[in-house]
Every structure is written in C-alpha cells, then in structure tokens.
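These values consider heavy atoms only, across backbone and side chains, with no hydrogens, waters or symmetry-generated copies. From a predicted model like this one, the values you see are computed outputs, not experimental measurements.
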Amino acid sequence: MNDSTKLSEIEFASHLVRKAGKALLEYFQNGKLTIQRKKDHTLVTQADLAVDELIHSEIQKTFSGDFILSEEVSPAVEADFNKGWIVDPLDGTTNFALGLHYWGVLITRVENGFPSFTVQYFPALEEFYQAQLDEPSKLNGHFIRVEDASSNQRISFFSCCSRAHRKYEINLRYKTRILGSAGYSMASIARGAARIAFDAQAKIWDIAGAWLLVPQAGGVIGPLHGDSPFPLKRDIDYSKQDYAILAAASPQFFQEGLDKIHLKPT
C-alpha cells in the first residue's frame, strides 16, 4: 500500500467515524431509546443497530471486497481475510442509555490479521483519537503520550471494567475508576491519565484500536492470560470470544498488573 492510499483510507475512516458519531449524538440528545438485552445479557439499542448498518453501508460502497467484523451485524470473518475493518458502532452502550458521556465509535483497519490504523470518536466529549503504525498517537490532532514512568506522578488511576473486581483479585495501590467504555479506558492510558487499565471480558471490537493507540503512545498492551486476539482467525464467532486485556503506561507497570491481578478461585 502506498502512502496516498493509506492516507485516503484514514481520511475515509475519519469522516465515517465522525458521521456515525453525529448520528449517535442525535439519538443521545433525543433521549428516547428502545433498549433490549442480547443473549449474552449486554444491552443493545436502536442506535447501536442503526449506526452499525450505516458504517457497513459506507464501507461496502467504498471497499466492497473487504471484510467487516462488528458487534451487531457481522461478528465473524468469512470474506477476504487480508484486508478489512473492525467496528464497534457504540462502545459504552450502558453509559449512552443512561445519559452519561463516556461512549464512542471505534473503527480499526486490519491488514493481514493485524490492526494498521484506528480512528475513535467520542462525540459527547469532543475527543477524536487516531493511531497508525510508525506514527505517534493523536488526540484532536495533537500527539499524546503515556504517563512518564519516572515522574512519580501521584494522581494516576487504575481503570477497569465492572466485571474486574467480581472475577479477579486485584491488589493494585491506585485509585480505581470504572469508565464504562473499554475504548475510553484504554485511551486513558494513551493520553497519560491512567497508569494501568484492565478489561476482564473484552470483545475484539472493544480493544482492536487500543492495540495501536496504546503502543503508539509509548505504552504496552497484551493479554493478562490466554491467547492474543491478533492475528485474526477465520470463521470464529467473535461475539462469543472474550479476552482479558491489560494495558499500562510502561513495561514496569504492565508487569505490576500481571503480578497483582489474578483470577479468583472458583
């Protein structure tokens, strides 16, 4: 892929993620949502479904041969495996349904099974994140960096999902924040706010973009235990595949997470 092709793909994705975010914001401000529970007991609204369809339609018109892996419409890879997209049309559905502002749209480009760039838009916060290989991560066009491990910053926090303390023994010394959006939780590492972030049952569309956003900001991301989500595999229903994902501002803090987060005995 030449530079102009990659640029056009990023421009396309940036426009699309903002378009999707604007559509979600209209639902959010209207406040009238039909909320259902899926088989896995997670929430889905008409906004999730409508925006997933919007993103699918736009990608299929422009990149007709690419696969699309998304939470609501296509949770398995069945088409050309070399190039495609991982989409979370609404990361933070519970926040969205409750009128809280930590939710967004996550779109990640995949090549040969691995993320190559990501765009993430949190419209109620007016935060647009972008990351790609060989370039520093950005927030609203400005380079961002993880917390300096040598700074002895005293206000760092540990970001986790609501399942973390139910399923794991966690002995970290930091204040805990549950932000309700896996994407935003991982972005909090990239922007230098959180020191360690952990999602106990992440789906691949929750963390695909973070696989670039965190390292390109100087951080570390990987599985707490079990297999890595990448490279992608064909014919897996990713809606049934969970990952325990850890991110940190440095290798030192990543190791601290490995050492101090353990599954509770069953």
Side-chain angles (χ1 to χ4, degrees), residues 1 3 5-18 20-21 85-88 91-92 101-151 153 155-160 177 179 181-199 202-223 228-230 243 245-254 257:
M1 180 190 301
D3 290 343
T5 301
K6 178 175 285 190
L7 181 62
S8 64
E9 289 181 350
I10 293 174
E11 289 174 341
F12 163 81
S14 298
H15 172 76
L16 179 56
V17 79
R18 290 183 182 277
W85 306 83
I86 299 179
V87 174
D88 193 338
D91 180 49
H101 287 58
Y102 291 94
W103 53 268
V105 187
L106 317 178
I107 299 178
T108 300
R109 182 66 158 142
V110 177
E111 296 180 46
N112 299 316
F114 291 91
S116 61
F117 71 79
T118 187
V119 289
Q120 306 185 11
Y121 185 40
F122 298 85
L125 301 171
E126 277 300 327
E127 293 183 9
F128 175 79
Y129 293 86
Q130 179 180 322
Q132 65 185 82
L133 294 172
D134 303 320
E135 285 195 16
S137 298
K138 296 178 183 178
L139 167 58
N140 292 339
H142 301 286
F143 294 139
I144 54 176
R145 185 77 184 169
V146 296
E147 178 194 343
D148 183 352
S150 66
S151 68
Q153 182 173 317
I155 58 171
S156 295
F157 67 95
F158 166 58
S159 179
C160 66
R177 296 290 183 269
L179 300 175
S181 158
Y184 200 81
S185 179
M186 298 298 168
S188 71
I189 294 287
R191 66 181 298 172
R195 184 167 288 182
I196 298 174
F198 174 58
D199 196 298
K203 299 297 186 184
I204 199 158
W205 32 80
D206 297 326
I207 46 82
W211 225 251
L212 283 173
L213 188 68
V214 171
Q216 297 307 123
V220 182
I221 189 169
S228 171
F230 298 102
Y243 300 95
I245 298 299
L246 181 69
S250 72
Q252 170 194 345
F253 296 139
F254 189 85

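The minimum heavy-atom distance between M186 and V214, with the atom names listed, is O-CG2, 3.7 Å. Contact detail for W103 and G92: the closest heavy-atom pair is CB-O, 3.6 Å. When all heavy atoms are compared, the tightest approach of Q120 to G183 is OE1-O, 4.2 Å. Of all the heavy atoms in R145 and A217, the pair that sits closest is CD-O, 3.3 Å. Scanning both residues, F254 and P223, for their nearest heavy atoms gives CZ-O, 4.5 Å. When all heavy atoms of A210 and P215 are compared, the closest pair comes out as O-CD, 3.5 Å.
Put simply, OG on S228 and CZ on F114 are 7.0 Å apart, with the number rounded to the nearest 0.5 Å. Rounded to the nearest 0.5 Å, atoms OG (S185) and CZ (F158) are 8.0 Å apart. The CD atom of E135 sits 9.5 Å away from the CG atom of L133 when rounded to the nearest 0.5 Å. R195 CZ to Q252 CD: the interatomic distance, rounded to the nearest 0.5 Å, is 8.0 Å. Distance check, rounded to the nearest 0.5 Å: CZ of R177 to OG of S188 gives 11.0 Å. Rounding to the nearest 0.5 Å gives a distance of 9.5 Å between OG of S181 and CG of D199.
The side-chain contact (heavy atoms from CB on, under 4.5 Å) with Y129 is formed by just one residue from the set L212, V17, I144, V119; it is I144.
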*Just do the side chain to side chain contact (heavy atoms under 4.5 Å, CB included) check on E127 and Y102 with the steps written out, would you?*
CA-CA 10 Å; E127 293 183 9; Y102 291 94; over 6 Å; no
*asked:* Go through it in stages, so that I can follow the logic: the residues are E126 and Y121, the test is side chain to side chain contact (heavy atoms under 4.5 Å, CB included), and I'd like the CA-CA distance, side-chain angles, deciding distance and then a yes or no.
replied: CA-CA 8 Å; E126 277 300 327; Y121 185 40; 3.3 Å; yes
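At a threshold of 4.5 Å between non-hydrogen side-chain atoms, the residues V146 and S250 do not count as touching. Counting only heavy atoms from C-beta outward, the side chains of L125 and Y184 approach each other to under 4.5 Å. A heavy-atom distance below 4.5 Å is found between the side chains of I204 and F230. In this structure, S156 and F253 have side chains that are not in contact, with every pair of non-hydrogen atoms separated by 4.5 Å or more.
A donor-acceptor pair under 3.5 Å is absent between the side-chain atoms of D88 and the main chain of A208, judged by distance alone. When atom types are taken as modelled, the side chain of T118 and the backbone of I107 share a donor-acceptor pair closer than 3.5 angstrom. Not one N or O on the side chain of D91 forms a donor-acceptor pair closer than 3.5 Å with the backbone of V105. A distance-only check finds no donor-acceptor pair linking the side chain of Q130 to the backbone of K138 [under 3.5 Å]. Side-chain atoms of S159 do not come within 3.5 Å of backbone N or O of A197 as any donor-acceptor pair.
Take F157 and apply the ring-ring contact (aromatic ring centres under 6.0 Å, His included) test, not counting sequence neighbours, and it matches no residue.
Applying the salt bridge (Lys or Arg N to Asp or Glu O under 4.0 Å) rule to pairs touching residues 114-123 yields nothing, sequence neighbours excluded. Applying the salt bridge (Lys or Arg N to Asp or Glu O under 4.0 Å) definition to pairs two or more places apart or across chains, none involves residues 206-222.
Judged by the 6.0 Å distance and 45° axis criteria, R109 is not positioned over the aromatic ring of F117.
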